[in-house]
Protein chains: 2
Amino acid sequence: MNNRSVGIKDVAAAAGVSVTTVSHVLNDVAYARVGVETRERVHEAAQRLGYGPNRVARALRTQRSGMIGFISEEIATTPHAGRIILGAEEAARARGYNLMIINSTSTGTDDSRESDVADLLDRQVDGILYATMYHRKLAVPKNLATLPSVLVDSEDISHTVSCVIPDEFGGARSAVQTLIDAGHSRIGMINNTDDVPATHARLQAFRETLAAAGLPFHEDLVQSEHSEVPGGYEAALRLLGTDSRPTAVFCYNDRMAMGAYRAAAELGLRIPQDVSFVGFDNQQLIAENLYPALTTVALPHYEMGAWAIENLIDAIEGKTDLALMAHHPTILDCPLVRRDSIAAPRQ
Amino acid sequence: MNNRSVGIKDVAAAAGVSVTTVSHVLNDVAYARVGVETRERVHEAAQRLGYGPNRVARALRTQRSGMIGFISEEIATTPHAGRIILGAEEAARARGYNLMIINSTSTGTDDSRESDVADLLDRQVDGILYATMYHRKLAVPKNLATLPSVLVDSEDISHTVSCVIPDEFGGARSAVQTLIDAGHSRIGMINNTDDVPATHARLQAFRETLAAAGLPFHEDLVQSEHSEVPGGYEAALRLLGTDSRPTAVFCYNDRMAMGAYRAAAELGLRIPQDVSFVGFDNQQLIAENLYPALTTVALPHYEMGAWAIENLIDAIEGKTDLALMAHHPTILDCPLVRRDSIAAPRQ
DNA sequence: GGACGTGGGAGACAGATGAATAACAGGTCA
DNA sequence: TGACCTGTTATTCATCTGTCTCCCACGTCC
């Protein structure tokens with residue numbers, strides 16, 4: 001189909017017109033006046049030869065590469081990256097853009113981060129999507145602001161780059177509310193110990209949602225540990241290993257919930273009959289495969305990737321001004337994914 | 001640092017020489033003779049202005065874009081994609097290349113696959129890496145063979161495109177051998193029902209390894225199911241729910257092992273005291289977090305990504321001929337990752 | 001016969017690279 | 001002493017593949 005080495009010249013020769021005319025016809029240039037019959041000859045020739053415009057040459061002339069740089073931290077270590085890439089890639093392709101991927105390390109120096117951006121700049125990308133693997137506030141490379149760019153899952157300390165983040169608070173609220181709606185009044189939380197926005201927002205939502213329902217908040221029903229499976233296990237042991245245990249637990253993430261499941265099993269507690277759980281992150285490998293399957297809150301990674309690209313392209317094409325959104329992050333919903341880990345408390 | 005809109009012309013003007021001279025100096029062209037003092041002026045000017053060559057213009061002129069197309073199926077659905085991307089990206093960057101990512105669906109038509117490739121061809125990529133998410137034999141898009149390309153984790157039916165795949169057989173052999181070495185003589189296997197190379201190779205390795213150790217093969221100690229957690233659970237119930245149960249089980253993958261863990265727990269069997277397990281895939285989220293942590297075989301996704309890029313670039317730069325390797329796939333090791341799910345059988 | 005409408009082409013241009021060549025100092029030879 | 005050669009240093013010009021801004025040719029109409 002698409003033979004390499006067939007250029008606009010070949011099409012022009014085949015159609016018996018000049019390259020200018022071919023360009024005009026194929027790009028459907030508004031001001032160009034070309035006869036209907038000529039247009040057909042051009043289209044037919046292009047089709048027959050399998051002509052596709054050389055995007056590199058076009059980029060040089062138009063100063064638009066149609067490429068968007070995608071910088072991601074730690075691409076391989078979390079499944080989240082894949083969802084962001086997918087959302088971004090599909091959105092980009094739908095509008096005729098492609099993605100160039102660069103993997104950055106979260107341990108990199110400012111200089112290395114800046115040179116990652118410089119790399120993309122040399123490639124003449126039209127915009128940059130900068131993704132981090134968990135929600136935090138960071139100092140972006142200085143040169144990032146030289147073209148349209150969007151931060152995914154993080155906030156720019158200086159508020160110069162616009163960003164899109166998940167609604168931690170709302171997600172946590174619906175998680176807790178679901179437990180309340182199921183009839184629970186003594187609810188515990190297993191939290192993270194890291195000082196990141198999610199830790200604080202989810203705890204805050206936990207407290208406020210309880211308060212809104214007229215339920216008391218007990219300090220000792222919140223146990224914090226490192227946000228991995230072993231941490232969840234330890235925290236759950238403390239939380240559930242007493243007579244005054246909660247009948248439901250909101251876990252900081254699905255990994256901690258996985259640890260909590262084991263703690264419950266060891267304590268002889270059945271899920272959800274004896275204790276209900278709700279997680280956060282919707283890591284499918286875990287949430288779908290735990291037994292019983294875990295009800296959890298999904299992070300909108302796909303949606304954030306797509307949102308970022310849509311707005312980036314709008315900015316590139318002059319339809320939006322990203323600077324206007326830079327001061328306040330865009331917040332996307334974290335929907336609850338219902339599975340089987342919640343039941344009414346036993347009387 | 002890197003200001004956009006500073007071109008070779010600006011450097012030339014600043015250094016008081018022609019653009020050609022700047023090009024010669026910065027590219028360290030062998031045949032160009034430029035005085036030492038002039039060279040210094042050029043370097044100093046380039047440095048001062050923060051000049052970086054416009055890769056698009058260079059690509060047009062040299063007919064080399066320095067970009068490699070990366071087509072992946074189902075980027076988001078498995079963590080494997082991330083490892084391949086990471087291996088590929090790091091290898092590419094180390095040699096001055098960048099990656100353009102395209103997501104393809106395994107359900108796509110031949111036409112859509114061909115147009116994915118055409119997209120990359122229009123972008124003038126120097127080579128293409130085509131990755132699938134599980135090992136199988138497939139018909140590659142016809143236009144893939146028009147430039148250097150490598151298939152990752154799959155084989156080309158027609159043997160025209162070279163490929164790199166995991167050593168399924170060797171990996172399965174070391175898994176089974178480890179069980180034998182631990183003292184087990186009655187070993188079961190939980191297999192997949194899909195007709196893919198891994199299913200057959202792993203079963204074959206299972207039989208041959210038992211035979212090599214002088215152990216008998218019992219038909220009923222191999223149970224097959226759909227290769228997900230529920231399948232593993234069902235198969236394990238059949239395998240372990242009898243008096244003549246094996247003392248160790250080799251699982252087709254870590255997800256099936258996860259299901260098997262639950263079956264063992266329900267049957268009151270302790271791992272590894274009553275039954276040992278070994279998995280396949282090394283899906284960290286599962287293998288590290290099951291209790292006890294799962295000993296398993298790692299698939300060399302990172303290594304396959306890196307190998308593919310190295311050989312692709314060698315071919316692009318004329319250092320290798322990929323066609324020579326096309327007839328036989330390159331096979332990479334699947335190392336065993338020891339954790340805590342294997343013990344000696346009880347007397 | 002000049003304005004105007006229509007169909008299409010010539011040539012500059014984007015930012016680099018590479019082959020060919022100019023400019024010049026110094027040396028050689030008749 | 002002038003013609004010629006040589007080696008060094010750097011420049012000019014063409015090229016890569018499209019796009020885009022004029023500009024031209026031709027007919028027609030008042």
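Remember, it's a predicted structure, so these values are computed and weren't measured experimentally. Quick note: numbers below take in every heavy atom, side chains included, and nothing from hydrogens, waters or symmetry partners. Chain A is the first sequence line, chain B the second, and so forth, proteins listed ahead of strands; every chain is numbered from 1.
Rounded to whole Å, atom P of C:dG15 lies 8 Å from atom CD of A:Gln124. Between the CZ atom of A:Arg123 and the C1' atom of C:dA16 there is a distance of 14 Å, given to the nearest Å. When rounded to the nearest whole Å, the span between CZ of A:Arg41 and P of C:dG7 equals 13 Å. Rounded to an integer number of Å, the gap from A:Asp10 CG to D:dT17 P is 9 Å. One interatomic measurement links the two molecules: CG of B:Leu60 to P of C:dC13, which rounds to 17 Å at whole-angstrom precision.
Residues B:Ala57 and A:Leu60 approach most closely at CB-CD1, 3.6 Å, considering heavy atoms.
Judged by atom type and distance alone, A:Arg33 reaches the base of C:dG8 through a side-chain donor-acceptor pair under 3.5 Å.
Of the residues listed (B:Leu99, B:Ile68, B:Leu147), the one engaging B:Val125 in a side chain to side chain contact (heavy atoms under 4.5 Å, CB included) is B:Leu147, and it is the only one. If you run side chain to side chain contact (heavy atoms under 4.5 Å, CB included) between B:Leu322 and each of B:Val161, B:Val150, B:Asp314, only B:Val150 comes through.
Salt bridge annotation for B:Asp10-B:Arg48: absent, with no cationic side-chain nitrogen under 4.0 angstrom from a carboxylate oxygen. With respect to B:Arg93 and A:Asp116, a salt bridge is recorded, a charged nitrogen being found less than 4.0 Å from a carboxylate O.
Residues B:Val25 and B:Val17 form no side-chain contact, since every pair of their non-hydrogen atoms from C-beta on lies 4.5 Å or further apart.
Ring-plane geometry between B:Tyr31 and B:His24 is classed as perpendicular, the angle between the planes exceeding 60 degrees on a 0 to 90 degree scale with a lower cut at 30.
Between the side chain of B:Arg113 and the backbone N or O of B:Gly108 there is at least one donor-acceptor pair closer than 3.5 Å.
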Grab the N/O contacts between the protein and nucleotides 18-21 of chain D below 3.5 Å, and write none if there aren't any.
from	atom 1	to	atom 2	distance (Å)
D:dG18	OP1	A:Asn54	N	3.3
D:dG18	OP2	A:Ile8	N	2.6
D:dG18	O5'	A:Tyr51	OH	3.1
D:dT19	OP1	A:Asn27	ND2	3.4
D:dT19	OP1	A:Arg58	NE	2.7
D:dT19	OP1	A:Arg58	NH2	3.0
D:dT19	OP2	A:Ser23	OG	3.0
D:dT19	OP2	A:Asn27	ND2	3.2
D:dT19	O2	A:Arg61	NH1	2.5
D:dC20	N4	A:Thr20	OG1	3.2

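Comparing B:Thr38 and B:Gln63 by the nucleotide of DNA chain D whose heavy atom lies nearest to each, the residue mapping closer to the 5' end is B:Thr38.
Taken from CZ in A:Arg123 to OG in B:Ser65, the straight-line distance is 6.5 Å, to the nearest 0.5 Å.
Listed by first residue number, the stems of DNA chain D with at least three Watson-Crick or G-U pairs below 3.5 Å are C:1-30 with D:1-30.
Of the side-chain N and O atoms in B:Ser18, one or more sit less than 4.0 angstrom from OP1 or OP2 of D:dT11.
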